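Heads up: the structure comes next, in structure tokens.
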Amino acid sequence: MSLEGQINKERLPQHVAIIMDGNGRWAKEQGRFRVFGHTKGVDTVKEITEVAAKLGIKYLTLYAFSTENWSRPVHEVNALMDLLVRTIKKEMPTLMKNNIRLDAIGNLESLPDRCLKNLKAAKEKTSNNSGMTLVLALSYSAKWDICEAVKRIALDVQSGNVRPDEIDNNLITKYLSTHGIPEPELLIRTSGELRISNFLLWEIAYSELYFTDVLWPDFSKEELFKALIDYQKRERRFGKTSEQLTP
Ligand code: FPP
């Protein structure tokens, strides 16, 4: 049976999050500059986004630029921002054709004006699409998001809108930039690194983690199918025993 045929469409994760890693190493293997790897990485973004939407996954979150990525060489940061702008513009028909809504999380105000402007326009244009939501994590880190949430909770406590004893899991979730997005059932990281790197720390408390040695530019739809098949073989217990899960 084909890899796709082995996926149970009734038991798909609602939300898949991906740490796209290995563009630089992929480029080095080809004897090219790092930016060439990012450009190839965009082709993978397009393929995986379209396949995920067609499969019926409801949310796909991609870690496109972390808070820590700002400390990369200026020319690489600029190239990534340019790629982002170009891709958003160029792939608008792909988003519309596949009924995909674009969303973004992170410190978006820190992005260059041209990025923010295009991002806002793309979000607006796709806002009525009802298929998959593609969430780009841009200038994002989970610790940044949690700090922002804590600051706003503190202000609401100070102004009397929140009582300290009301602060619980649900309340904190409401203050995060991922509010309204279900927690990812599956987190994928490419390139063989076994780390979370400040991505969705709060939201992945119960996510299944899938690591592959494949570098992001080589992560084809078959690789996504393998991750989904692996996910579907796992038993998600949420702290309970196996016996408690079967009625
Ligand atoms: C990690 O590879 C990848 C990134 C930091 C950026 C990912 C960005 C893209 C795929 C392109 C832009 C995205 C969109 C959504 C248009 P790395 O550079 O850390 O690779 P390395 O670990 O091999 O050096």
Side-chain angles (χ1 to χ4, degrees), residues 16-53 57 59-95 98 100-108 110-112 114-123 125-126 132-142 144 187-200 211-221 223-224:
V16 176
I18 308 185
I19 302 175
M20 311 180 285
D21 198 9
N23 294 347
R25 273 162 286 166
W26 184 90
K28 201 172 173 191
E29 278 178 7
Q30 318 282 316
R32 307 287 292 263
F33 291 119
R34 297 178 54 80
V35 173
F36 184 69
H38 296 315
T39 308
K40 189 69 177 43
V42 171
D43 295 342
T44 307
V45 168
K46 181 175 170 167
E47 176 174 345
I48 296 304
T49 301
E50 284 194 270
V51 170
I57 286 166
Y59 292 85
L60 176 67
T61 300
L62 302 178
Y63 205 2
F65 194 86
S66 71
T67 306
E68 292 77 15
N69 287 153
W70 287 115
S71 53
R72 291 196 173 194
V74 177
H75 73 89
E76 184 171 341
V77 170
N78 287 340
L80 279 167
M81 294 300 152
D82 286 344
L83 255 185
L84 187 70
V85 172
R86 252 187 288 142
T87 308
I88 290 173
K89 279 189 191 163
K90 184 165 162 247
E91 298 304 339
M92 192 52 59
T94 311
L95 296 179
N98 291 284
I100 298 170
R101 188 169 71 91
L102 186 69
D103 201 357
I105 54 169
N107 187 4
L108 304 180
S110 70
L111 296 171
R114 64 188 194 286
C115 279
L116 197 54
K117 206 173 109 240
N118 280 286
L119 196 60
K120 278 186 181 162
K123 277 171 67 172
K125 202 163 172 214
T126 60
M132 188 179 80
T133 299
L134 171 65
V135 184
L136 297 182
L138 291 165
S139 192
Y140 172 88
S141 77
W144 166 83
L187 171 73
I188 298 171
R189 182 171 189 151
T190 60
S191 93
E193 305 291 352
L194 307 178
R195 288 191 291 277
I196 304 301
S197 299
N198 218 347
F199 190 42
L200 302 176
F211 297 101
T212 171
D213 286 341
V214 175
L215 304 175
W216 179 249
D218 289 330
F219 192 83
S220 59
K221 63 180 184 214
E223 296 300 331
L224 177 67

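Indexing begins at 1, ligand by ligand and atom by atom, following the structure's order. Keep in mind it's a predicted model, so treat the numbers as computed, not measured. When reading the values below, keep in mind they use all heavy atoms of this one structure, side chains included, and skip hydrogens, waters and symmetry mates.
- Remark: Asp82 engages Arg114 in a salt bridge (charged side-chain N to carboxylate O under 4.0 Å, His left out) (not counting sequence neighbours).
- At the shortest separation from atom 14 (C) of ligand 1 among protein heavy atoms lies Leu84 CD1, 4.1 Å.
- Summarising the geometry, atom NZ belonging to Lys90 is positioned 13.0 Å from atom CD1 belonging to Ile88; distances are rounded to the nearest 0.5 Å.
- Rounding to the nearest 0.5 Å places CE of Met20 at 5.0 Å from CG of Leu62.
- Using a 4.0 Å cutoff on heavy atoms, Asp21 counts as a contact of ligand 1.
- On a distance-only criterion, Arg34 and ligand 1 share at least one N/O pair closer than 3.5 Å.
- In this structure, Ser191 does not count as a contact residue of ligand 1, since none of its heavy atoms falls inside 4.0 Å of the ligand.
- Taking the six-membered ring for Trp and thresholds of 30 and 60 degrees, Tyr63 and Phe199 have nearly parallel ring planes, at less than 30 degrees apart.
- Look at Arg72 and you'll find a heavy atom under 4.0 Å from some atom of ligand 1.
- The side-chain contact (heavy atoms from CB on, under 4.5 Å) check on Pro73 picks up His75, Glu76, with sequence neighbours excluded.
- Looking at Asn69 next to ligand 1, no N or O pair under 3.5 Å apart turns up.
- In terms of protein heavy-atom proximity, atom 8 (C) of ligand 1 is nearest to Ala64 O, 3.7 Å.
- Protein heavy atom closest to atom 3 (C) of ligand 1, with residue, atom name and distance, is Met20 O, 3.2 Å.
- Side chains of Ser191 and Trp216: no donor on one and acceptor on the other come within 3.5 Å.
- Remark: minimum distance from atom 20 (O) of ligand 1 to any protein heavy atom is reached at Gly24 N, 3.0 Å.
- Taking every non-hydrogen atom of Arg25 and a distance limit under 4.0 Å, the qualifying atoms of ligand 1 come out as 21 (P), 22 (O), 23 (O).
- Atom NZ of Lys40 sits in a crowded spot, with more than 12 heavy atoms from other residues, nucleotides or ligands closer than 6.0 Å.
- From the protein, the heavy atom lying nearest to atom 11 (C) of ligand 1 is Val42 CG2, 3.6 Å.
- The heavy atom nearest to atom 2 (O) of ligand 1, out of those in Asn23, Thr44, Leu136, is found in Asn23.
- Taken from CG in Asp21 to OG1 in Thr212, the straight-line distance is 11.5 Å, to the nearest 0.5 Å.
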